[in-house]
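What follows is one structure encoded as structure tokens, with my remarks underneath.
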Amino acid sequence: MLVKYSLLGLFVGSLSLPALAIKSACDSPIYCYGDLLHAVQMAKLYADDKTFVDKPTKRPLDEVLAGFESIGGINATRQALKAFVLNNFAEEGQELKQINDLPQFNPNPEFLQKVHDPLLREFGRTVNGYWKTLIREQDLTQLCDGCVSSMLPLKYHFVVPGGRFREIYYWDTYFTLEGLLISGLKDIAKSNIRDLLDFVDMFGFVPNGARVYYQDRSQPPMLALMVQLYDRYAKGDGFAASALPQLLKEYEYWAKHHSVTVHASDGDHVLSRYIVDTDQPRPEAYSADYNLAHSASTDPQRQAQIYADMAAGAESGWDYSSRW
């Protein structure tokens, strides 16, 4: 029988999830699921739910959990929750350091010489200068013994999108690499890829972004394209060959966990789809997902399905635009 396999034919799929099992991105009782997360996010202490789950703790995990119970746990008042978060959580971004020393940085990269319009050339020069504000390294020395953070471990320098996005993201990095490489920042481009390759070693795939609450989903699988793009500029430095084991491992992950067989008149076609095995709201959009699911249905299984669908939409990288 004819079987065709394509990683390009990606679409959003759904899971039929049981209502009782807890399926979350990680086992953190702060950042992934549980009464503390529910109470804080539904209290709307912040306009953006991502703010809370990006905060590292100022106290060891067991003390934070005990403190939550001492104010009434899930029944705590909004005022008590506000004081609890202030006393137990640090500002978001405490685990990061901005990197200003960029030996390869050129304020007038070569590509600008090909831009003849002076206004556009100056615009390009200004945009090129933003690299100095967006490159980070992880520094966990500010955390106390026993304190926890939602960040995944990152050994190498990486580029953040900016604003509320304080971590490296998967498919965004491909487009970041386009800019880094044309700007002459080859070493930073390589370090971004190395962080993503490390994720494949850790998890078997690249999570949506470098947060524990993203561990239940990926994004468009563009890691091989990133290595290929880098290799065009590196002129055969051997990096592409060294990355092959992780690229194959990621391919196997998508083939095993994201494939579906479609029967057609010309044979069977195996396509890949975006699909997330969860029955919980996305932690970084908790209140929005929870309110949506509960306004749509009182059936726990239907609510779980909505949570899975919202996460699958986010895995597609199109979260959330007019497409939806």
Quiz prompt | Donor-acceptor contact present, side-chain Arg211 to main-chain Ser150, <3.5 Å | solution = no
Quiz item: What is the minimum heavy-atom distance between Ala312 and Ile275, and which atoms define it?
Solution: CB-CA, 4.1 Å
Quiz item: Does the side chain of Arg136 reach to within under 4.5 Å of the side chain of Lys97, using non-hydrogen atoms?
Solution: no
Quiz item: NE2/His258 to CZ/Arg217 distance, rounded to the nearest 0.5 angstrom?
Solution: 11.5 Å
Quiz item: What closest approach, in Å, do Lys23 and Thr278 show between heavy atoms, and which atom pair accounts for it?
Solution: O-OG1, 2.8 Å
Quiz item: Got more than 12 heavy atoms from elsewhere within 6.0 Å of CZ, Phe175?
Solution: yes
Exercise. Specify the closest pair of heavy atoms between Leu143 and Ser149, including all atoms of both residues, with the distance to one decimal.
Key: CD1-CB, 3.9 Å
Quiz item: How about Phe89 and Phe52: are their ring centres within less than 6.0 Å of each other?
Solution: yes
Quiz item: Nearest 0.5 Å, what's the CG-CG distance between Leu197 and Leu223?
Solution: 5.0 Å
Exercise. Locate the shortest heavy-atom distance separating Gln41 from Ser287; write the atom from each residue and the value.
Key: O-CB, 3.8 Å
Practice problem: State whether the side chain of Gln215 and the backbone N or O of Cys26 hold a donor-acceptor pair below 3.5 Å, judged by distance alone. | Solution: no
Quiz item: Where the side chain of Asp289 meets the backbone of Arg282, is there a donor-acceptor pair that is under 3.5 Å apart?
Solution: yes
Quiz item: Is it the case that more than 12 heavy atoms not belonging to Gln113 sit under 6.0 Å from its CD atom?
Solution: yes
Quiz item: If you group Ile, Leu, Val, Met, Phe, Trp and Tyr by side-chain heavy-atom gaps below 4.5 Å, do Leu180 and Val115 land in one group?
Solution: no
Quiz item: Does Lys114 NZ have over 12 foreign heavy atoms under 6.0 Å away?
Solution: no
Quiz item: Between Arg78 and Ala43, is there a donor-acceptor pair closer than 3.5 Å when you use the side chain of the first and the backbone of the second?
Solution: yes
Quiz prompt | Hydrophobic cluster membership, Leu61 vs Met151, 4.5 Å side-chain cutoff | solution = yes
Practice problem: Indicate whether any N or O donor in one side chain lies under 3.5 Å from an N or O acceptor in the other, for Tyr307 and Gln303. | Solution: no
Quiz item: So do Tyr174 and Leu229 actually touch side chain to side chain, heavy atoms under 4.5 Å?
Solution: yes
Exercise. Apply side-chain contact (heavy atoms from CB on, under 4.5 Å) to Asp54 and Glu284, showing your working.
Key: CA-CA 8 Å; Asp54 285 2; Glu284 79 284 5; over 6 Å; no
Practice problem: Kindly indicate whether the side chain of Cys32, heavy atoms from C-beta on, has any atom under 4.5 Å from the side chain of Val212. | Solution: yes
Exercise. Return the minimal non-hydrogen interatomic distance between Gly317 and Pro220, and the atom names on each side.
Key: N-CD, 4.2 Å
Quiz item: Is there a chain of hydrophobic side chains (I, L, V, M, F, W, Y, each step under 4.5 Å between heavy atoms) that links Leu225 to Tyr170?
Solution: yes
Exercise. Identify whether the distance between the nearest side-chain nitrogen and carboxylate oxygen of Lys249 and Glu252 falls below 4.0 Å.
Key: no
Quiz item: Do Ser297 and Asp299 have side-chain atoms, one donor and one acceptor, less than 3.5 Å apart?
Solution: no
Practice problem: Return yes if some donor-acceptor pair links the side-chain N/O of Tyr214 with the main-chain N/O of Val206 below 3.5 Å, else return no. | Solution: no
Quiz item: Are the side chain of Asp319 and the backbone N or O of Glu315 linked by a donor-acceptor pair below 3.5 Å?
Solution: no
Quiz item: Is the backbone N or O of Val270 less than 3.5 Å from a side-chain atom of Ser259, with the two atoms forming a donor-acceptor pair by type?
Solution: no
Quiz item: Rounded to the nearest 0.5 Å, what separation is found between the CG atom of Leu152 and the CG atom of Asp198?
Solution: 11.5 Å
Quiz item: Do any N or O atoms from the side chain of His263 and from the backbone of Asp268 form a donor-acceptor pair under 3.5 angstrom?
Solution: no
Side-chain polar contacts of residues 153-163 - donor-acceptor pairs under 3.5 angstrom, sequence neighbours left out - could you list them?
from	atom 1	to	atom 2	distance (Å)
Tyr156	OH	Arg194	NH2	3.0
His157	NE2	Glu137	OE1	3.1

Quiz item: How about Phe165: does its CZ atom have over 12 heavy atoms from other parts shown lying under 6.0 Å from it?
Solution: yes
Quiz item: Can you check whether Val64 reaches Leu36 side chain to side chain, under 4.5 Å on heavy atoms?
Solution: yes
Exercise. Report yes if some heavy atom in the side chain of Pro283 is under 4.5 Å from a heavy atom in the side chain of Leu37; otherwise report no.
Key: yes
Quiz prompt | Passing option when Asn88 is tested against Arg59, Lys55, Lys58 for side chain to side chain donor-acceptor pair (under 3.5 Å) | solution = Arg59
Exercise. Nearest 0.5 Å please: distance from the OH atom of Tyr286 over to the NE2 atom of His38.
Key: 5.0 Å
Exercise. Identify the heavy atoms of Trp131 and Thr176 that sit nearest to each other, and give their distance.
Key: CH2-O, 3.7 Å
Quiz item: NZ of Lys82 to CD1 of Ile71: how many Å apart, nearest 0.5 Å?
Solution: 13.5 Å
Quiz item: When clusters are formed by joining ILVMFWY residues with side-chain heavy atoms under 4.5 Å apart, either directly or through shared neighbours, do Met202 and Tyr169 land in the same one?
Solution: yes
Practice problem: Kindly assign one of parallel, tilted or perpendicular to the pair Phe68 and Phe84, based on the angle between their ring planes and the thresholds 30° and 60°. | Solution: tilted
Practice problem: Tell me yes or no: between the side chains of Asn128 and Ser183, is some donor less than 3.5 Å from an acceptor? | Solution: yes
Practice problem: Just jot down the ring-ring contact (aromatic ring centres under 6.0 Å, His included) partners of Phe105, sequence neighbours excluded, or say none. | Solution: none
Quiz prompt | Donor-acceptor pair, side chain of His257 and main chain of Tyr253, under 3.5 angstrom | solution = no
Quiz item: Distance from Leu244 atom CG to Leu248 atom CG, nearest 0.5 Å?
Solution: 4.5 Å
Quiz item: Is it true that a side-chain atom of Gln104 and a backbone atom of Asp187 form a donor plus acceptor pair closer than 3.5 Å?
Solution: yes
